[in-house]
Amino acid sequence: MPVRQWDPASKAKVVLEGLQGKPEKAVCKRHNIKLAQYRRWRKEFLAKIASSSVSARRPSRQGDERSKALRVAQDLIEVLPIPVFFKARDGKHLGANKAWEAYFGVRRDSFIGKTVQELFSHAPDVAAKHRAVDEELWRNPGTRSYELQVPVRDGSVRHTLNYKATFNGADGKVAGLIGTIIDITERKRAEQRQAIEHRVTRLLSECETVAGAMPGVLAAFCESLGWACGARWSMDPKIGAFGCEEAWSVDDPRIAAFLAASRQSNYQPGHAGFIRRVLGTGQPIWIVDVSADDSFLRGAQAAKAGLRSAFALPIRLGDEVLGAMEFFHRERRLPDEWLLETGVTIGNQIGHFMARVQAERELREGEARFRSLTALSSDWYWEQDEQLRLTSMSSRFVERTGIDPAPYIGLKRWEQPALNLTESDWERHRAQLERHEPFFDFEIERPGPDGTSVWLSLSGEAVFDEGRRFRGYRGVGTDITDRKRAQGVLRAAYDELARSNAELQQFAYVASHDLQEPLRMIGSYTQLLERRYGDRLDQDAREFMGFIVDGATRMKQLIEDLLAYSRVGTRGKEMRPVQAQAVLDKALVNLRAGVEQSAAAVTHDSLPEVNADDTQLAQLLQNLVANAIKFRKKNEAPRIHVGVEDAGGEWRFSVADNGIGIEPQYFERIFLMFQRLHTQDEYPGTGIGLAICRKVVERHRGRIWVESAYGEGSTFHFTLPKIQKGET
Ligand code: ADP
């Protein structure tokens with residue numbers, strides 16, 4: 001690239017660009033010059049103006065070349081957008097340009113002859129610093145540049161770059177200086193903001209908790225910007241209460257006491273204060289004077305601690321307000337947009353940090369929970385990839401089953417032998433997985449380590465990623481070998497029981513049936529004996545014959561009852577809806593002789609329709625009513641009531657009498673076969689009636705029991721399930 005030749009006018013233009021406020025680096029880049037080069041030009045330019053050695057306000061009117069050049073310079077200064085001023089050696093102002101007038105808000109005419117002390121009467125430090133540089137220049141003439149923070153009358157602070165150069169009088173001695181002021185507040189602030197954000201970012205990345213990071217964050221903010229103290233407020237969104245958490249302050253016991261008091265209080269919802277508003281609206285708030293603002297509830301305490309201005313801003317995560325930060329200044333400060341913006345940016349940084357800490361904590365807790373679950377559970381955990389190949393199996397698997405999982409890893413479930421599943425079982429399972437459906441208690445019998453088999457029960461669900469893409473399956477497994485074995489044993493025992501029961505029933509039936517024949521023979525031949533040889537027998541022999549007949553009759557009754565009992569199980573009819581009322585009527589017809597003979601009064605409720613074997617139900621009711629008649633009191637006619645009650649899913653029948661009653665210790669026994677409480681002479685019977693009743697009720701899926709007060713009567717209860725809808 002050819003090197004450009006710079007004439008004095010173009011150089012002046014470049015310097016002016018910088019003096020008008022454009023960042024120096026940008027100017028250099030635009031014109032492809034070095035920063036040092038630019039600075040040299042600026043120095044030459046300012047020195048040239050200075051060397052005109054006159055007040056800008058009073059240009060000489062002499063018509064020579066020199067004064068013409070001077071006028072050009074003076075005109076140039078006048079239109080410069082940066083403040084320029086001239087001072088005499090005694091420090092008194094000689095003049096200034098328009099930009100100076102605007103910058104300080106002071107009329108230049110009225111200021112001529114005054115000093116910098118008067119310009120900065122509100123900031124003696126600043127005046128002193130300017131004076132010191134001037135003194136230095138009088139001693140060592142030349143140029144100086146320095147940065148200074150200047151408080152403006154409204155309370156804000158400006159950053160300035162000051163440039164001064166001496167000029168000589170006609171006598172060749174230093175006559176005064178020319179100065180410019182370049183406002184670099186924006187640049188400074190950008191740097192400051194970057195520095196604060198940087199410091200906060202570092203703090204947040206080094207800390208694990210918000211509480212650990214906050215004091216440093218608050219300090220970074222306050223120290224960089226000159227604020228006295230700051231605090232973080234947290235909110236409990238569930239109850240709306242909030243509280244002051246961490247705080248930082250300059251070393252001042254009064255401020256420390258103020259912050260301590262803030263932290264001790266518990267702020268309930270309903271306080272309409274400063275922080276409450278920030279939390280509620282998510283917007284920052286600025287208070288110029290805390291002692292004069294009613295909405296600031298801690299105003300009096302803050303003022304006592306020497307605090308004046310305050311601002312608070314939200315800590316946010318997107319639209320969600322997670323808390324707030326507040327800062328206090330010891331001096332009066334007007335609202336500063338830049339400061340608020342910087343604070344809000346930091347608030348957002350903290351918001352993200354809090355969300356990250358929270359997410360990490362939840363993740364850790366979730367993992368800990370999962371670890372306890374897997375450590376404490378007897379189940380194991382497994383995962384399959386999207387190809388349905390097993391990818392992991394927790395160690396509990398081998399502990400429980402003794403099976404080495406290694407050969408299973410990388411394979412699909414159906415690629416390993418299962419003793420209980422057929423091709424079509426696997427087909428169904430595979431189809432379910434391909435539909436990504438969850439599955440529960442899928443039972444597999446795998447060959448075990450010692451030649452036995454192991455039963456597994458697996459449940460699983462499909463896993464999807466954030467994009468709803470299928471990623472595989474995960475689930476748990478349980479060793480159900482013991483349960484399966486127990487079930488097997490139980491089934492075998494049940495089968496055995498059912499078989500022997502059937503055998504027994506058959507035996508009882510055959511026995512009682514076949515016994516009837518020889519019994520009939522005994523009966524017939526005894527009668528024949530009596531008829532033919534009766535007159536030849538003596539008294540004793542006739543009595544013995546009587547016993548034989550008696551015994552045979554009883555035996556006949558026993559056998560008949562036994563037969564009836566065995567028939568309940570073997571000869572039962574299908575259950576079908578029957579009117580219990582009709583069944584009772586039939587039973588009472590059979591009992592008519594007994595009822596009449598005993599003068600019994602039998603009453604009943606209106607009985608419902610039930611699902612039953614009508615013959616057996618008749619037998620049941622007949623047995624119970626017959627017993628009620630048989631076990632009556634000697635001197636009292638039996639009163640019998642057949643009742644029914646709706647007991648939800650079933651009917652509860654009852655047969656109540658006013659008979660002799662039963663002692664409680666016999667309540668269970670009387671339902672067993674051949675169990676009687678009386679002798680034949682007192683009350684005849686075989687002791688099979690109630691056993692038959694129980695068998696009938698149980699066949700109908702009901703229960704039977706007795707309630708009784710000895711000597712006062714008994715009530716036999718039995719239940720029958722109700723007819724379900726659609727069962728008719
Ligand atoms: P059995 O009537 O042939 O003796 P059951 O099996 O019908 O045999 O009755 C067993 C026993 O229960 C009876 O011997 C009797 O002691 C008692 N029992 C049955 N029903 C009643 C009743 N309604 N009142 C008093 N005791 C009864």
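None of the values given here were measured: they were computed from a predicted structure. Each ligand, and each atom within it, is numbered from 1 in the order the structure gives.
For ligand 1, none of its N or O atoms has an N or O atom of Gln675 under 3.5 Å away.
One finds the OG1 atom of Thr715 at 11.0 Å from the CH2 atom of Trp705 (value rounded to the nearest 0.5 Å). If you take CG on Leu558 and CG on Leu519, they are separated by 10.0 Å, rounding to the nearest 0.5 Å.
Contacts between Asp657 and ligand 1 below 4.0 angstrom, taking non-hydrogen atoms only, involve the side chain exclusively. Counting heavy atoms under 4.0 Å from ligand 1, residue Leu690 touches it through both backbone and side chain.
Short contacts between ligand 1 and Lys630, defined as distances under 4.0 Å to a heavy atom of the residue, involve ligand atoms 1 (P), 2 (O), 3 (O). Remark: ligand 1 atoms within the under-4.0 Å shell around heavy atoms of Ser714 are 24 (N), 25 (C). Less than 4.0 angstrom separates some heavy atom of Gly689 from each of these atoms of ligand 1: 5 (P), 6 (O), 7 (O). Near Gly685, with a cut-off below 4.0 Å to any heavy atom, the atoms of ligand 1 are 3 (O).
Aromatic ring centroids of His678 and Phe631 lie under 6.0 Å apart.
Taking all heavy atoms of Ile660, Asn627, Ile640 into account, the minimum distance to atom 20 (N) of ligand 1 is reached by Asn627.
Here the protein heavy atom with the shortest distance to atom 12 (O) of ligand 1 is Ile670 CG2, 3.3 Å. Of the protein's non-hydrogen atoms, Phe631 CZ, 3.3 Å is the one closest to atom 13 (C) of ligand 1. Closest to atom 26 (N) of ligand 1, if we only count protein heavy atoms, is Ile662 CG1, 3.4 Å. Considering only non-hydrogen protein atoms, atom 8 (O) of ligand 1 sits nearest to Gly687 CA, 3.2 Å. The nearest heavy-atom contact from the protein to atom 4 (O) of ligand 1 is Arg676 NE, 2.7 Å.
For Phe470 against Ala462, the heavy-atom pair with the smallest separation is CE1-CB, 3.8 Å.
Remark: Glu496 engages Arg499 in a salt bridge, criterion side-chain N to carboxylate O under 4.0 Å. Salt-bridge check for Glu574 with Arg576: failed, with every basic side-chain N at 4.0 Å or more from each acidic carboxylate O.
For Arg435, the CZ atom sits in a packed shell: over 12 heavy atoms of surrounding residues, nucleotides or ligands are nearer than 6.0 Å. Other residues, nucleotides and ligands contribute only 12 or fewer heavy atoms inside 6.0 Å of the CD atom of Glu530.
Within the 4.0 Å heavy-atom cutoff, Phe716 counts among the residues contacting ligand 1.
Looking at Glu466, Glu386, Glu461 one by one, the single match for salt bridge (Lys or Arg N to Asp or Glu O under 4.0 Å) with Arg471 turns out to be Glu386.
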